[in-house]
Colleague: 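Starting off with a structure, shown below.
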There are 2 protein chains.
Amino acid sequence: MKKEKVRERIIRVASELFYKQGFNSTGINQIIAEADIAIGSLYNHFSSKNDLLQAYLLKEEENWFEGFESSVINISEPKEKILALVDYRKKLQQSSKFAGCHFIKIISEIGDSNPVVFDFVKKHKEKQKDLIKLLIINCGETSSASEPDITTDNIFLLIEGAVVTSTINKNSDSFGQVKKIVEGLLP
Amino acid sequence: MKKEKVRERIIRVASELFYKQGFNSTGINQIIAEADIAIGSLYNHFSSKNDLLQAYLLKEEENWFEGFESSVINISEPKEKILALVDYRKKLQQSSKFAGCHFIKIISEIGDSNPVVFDFVKKHKEKQKDLIKLLIINCGETSSASEPDITTDNIFLLIEGAVVTSTINKNSDSFGQVKKIVEGLLP
DNA sequence: GTCTATAACAAGATAGAC
DNA sequence: GTCTATCTTGTTATAGAC
């Protein structure tokens, strides 16, 4: 494993703090202290705190899809892949002690005050939904009575609901509920 | 309509700002400016900004249930009441320009750093779910094949998912999707 | 109960030495 | 590229006059 560069370390530290404490509750001073760098160094790599926020979200999106891909690498059945997606979101929640979805969190915090970030999150969620749709279509024509679009909406909304609910309840129950429902939806 | 008292005006102004800008992005100075009072007055009514936050959430919960009750006052069929709940959440989103759920937002922002607030939100969501369960049970034994508990989880998660999704997409599409699914779920 | 003044501190960002 | 020192502004909260 090669040495972590300064820029990468800043993003990693900032990510943890933004995620655990919230973006607005995390100060530049705390970031530089925990990354063990000077403030001038930070502003050499990032033009502003907002710039750092964007780098954070970009990195998290990358992690999200890479993490999902590696979790389904040994699964061939499309239905199993959908269930694995539920398990993946569950695993993310558990390993973060139910800290929630990075993207829902940041939108809850900044609303639409930052159009670039808002648009990025919107597109990210579209990608997640597209991924579900692809898996649904691969489940074949012999699916349920519903059309694939409705099933896609259904599963997407259930998972999003499960994530926010598990964040509030600090447990994984909602993912178990979703799996039960999804198993009934798919052939 | 009787005159709005100072305390009520503070809560109203703070609520709007907390909701639209976020709790951490709203300063005491902005609240007193828009409520047109002095800072000493604010701290006479509330011991801290956190105290004001709790008053805000309490008021919003009150508004939430009152608003729901008045929206179903002329509906007798339990199934129609459930669909009216979806419409109610949709209406709340539309009238706030898709600003999201007060309770999900505050948890996204503060996490579990404030146990009192966290617990309040958790209990609030339990109340919402209990309300759904009651309506499901009133739909009668001739419900779907699923047990009432599973149907309750299903509808609760779908609605929560629809709220966060409509916040990110800034439209009501997800509520239409939920209504379609819910209609298929109930007798 | 409401006001003004101010304390005590932290925020994001910049300048310029090395 | 990294550092320290500093600027400006904003933060929550308190003291004490009226």
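In what follows, every chain begins at residue 1, and chains take the letters A, B, ... in the order their sequences are listed.
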Colleague: Rounded to whole angstrom units, what separation is found between the CD atom of Q21(A) and the P atom of dA10(C)?
Modeller: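 So the CD-P distance, Q21(A) to dA10(C), works out to 14 Å.
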Colleague: Does L131(A) belong to the same Ile/Leu/Val/Met/Phe/Trp/Tyr cluster as L57(A), with side-chain heavy atoms less than 4.5 Å apart forming each link?
Modeller: no
Colleague: Students often get this wrong, so: under 4.0 angstrom with heavy atoms, is G27(B) touching a base, only sugar-phosphate, or nothing?
Modeller: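 The answer is sugar-phosphate, as G27(B) gets under 4.0 Å only of primed atoms, P, OP1 or OP2.
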Colleague: Nearest to the side chain of A38(A), which nucleotide is it out of dT2(D), dT4(D), dT14(D)?
Modeller: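 Closest nucleotide to the A38(A) side chain: dT4(D).
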Colleague: Measure from the side chain of I39(B), starting at C-beta and using heavy atoms only, and say which of dT2(D), dT14(D), dA5(D) lies closest.
Modeller: dT14(D)
Colleague: Give a yes or no on whether a salt bridge exists between E109(A) and K105(B), defined as a side-chain N under 4.0 angstrom from a carboxylate O.
Modeller: no
Colleague: Hey, does K170(B) have a side-chain heavy atom less than 4.5 Å from the side chain of K97(B)?
Modeller: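 No, their side chains stay 4.5 Å or more apart.
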Colleague: Any side-chain N or O of N29(B) under 4.0 Å from OP1/OP2 of dT12(D)?
Modeller: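 Result: no.
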Colleague: Using a heavy-atom cut-off of 4.0 Å across all strands, would you classify T26(B) as base, sugar-phosphate, or nothing?
Modeller: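 Here T26(B) touches the backbone only, sparing every base.
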Colleague: What is the distance, rounded to the nearest whole Å, between atom NZ of K5(B) and atom P of dG1(C)?
Modeller: 10 Å
Colleague: Atom OH of Y43(B) to atom C1' of dT12(D): distance rounded to whole Å?
Modeller: 5 Å
Colleague: In a check of side chain to side chain contact (heavy atoms under 4.5 Å, CB included) between I159(B) and each of V86(B), V182(B), I82(B), which one passes?
Modeller: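 Exactly one option meets the side chain to side chain contact (heavy atoms under 4.5 Å, CB included) with I159(B), and it is V86(B).
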Colleague: Grab the CZ-C1' distance between F46(B) and dT14(D) for me, whole Å please.
Modeller: 18 Å
Colleague: Tell me the interatomic distance from K49(B), atom NZ, to dT14(D), atom C1', rounded to whole angstroms.
Modeller: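 Distance check: K49(B) NZ to dT14(D) C1' gives 17 Å.
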Colleague: What is the distance from CD of Q30(B) to P of dT12(D), rounded to the nearest Å?
Modeller: 10 Å
Colleague: State plainly whether the residues E77(B) and K81(B) are in salt-bridge range, i.e. N to O under 4.0 Å.
Modeller: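 No, this pair does not count.
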Colleague: If you only use heavy atoms from C-beta on, which nucleotide in dA13(D), dC3(C), dA13(C) is closest to the side chain of I37(B)?
Modeller: dC3(C)
Colleague: Between dG1(C) atom P and E8(B) atom CD, what is the distance in whole Å?
Modeller: 13 Å
Colleague: With respect to the side chain of N44(A), which nucleotide from dT2(D), dT14(D), dA5(D) is positioned closest?
Modeller: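 From the listed options, dT2(D) comes nearest.
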Colleague: From the set dT2(C), dA13(D), dG1(D), return the single nucleotide nearest to any side-chain atom of S41(B).
Modeller: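 Of the candidates, dT2(C) comes closest.
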Colleague: How many Å lie between CG on L52(B) and P on dT12(D), as a whole number?
Modeller: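 Atom CG in L52(B) sits about 11 Å away from atom P in dT12(D).
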Colleague: Map G40(A) and F23(A) onto DNA chain C by nearest heavy atom, then report which one ends up closer to the 5' terminus.
Modeller: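 Of the two residues, F23(A) wins.
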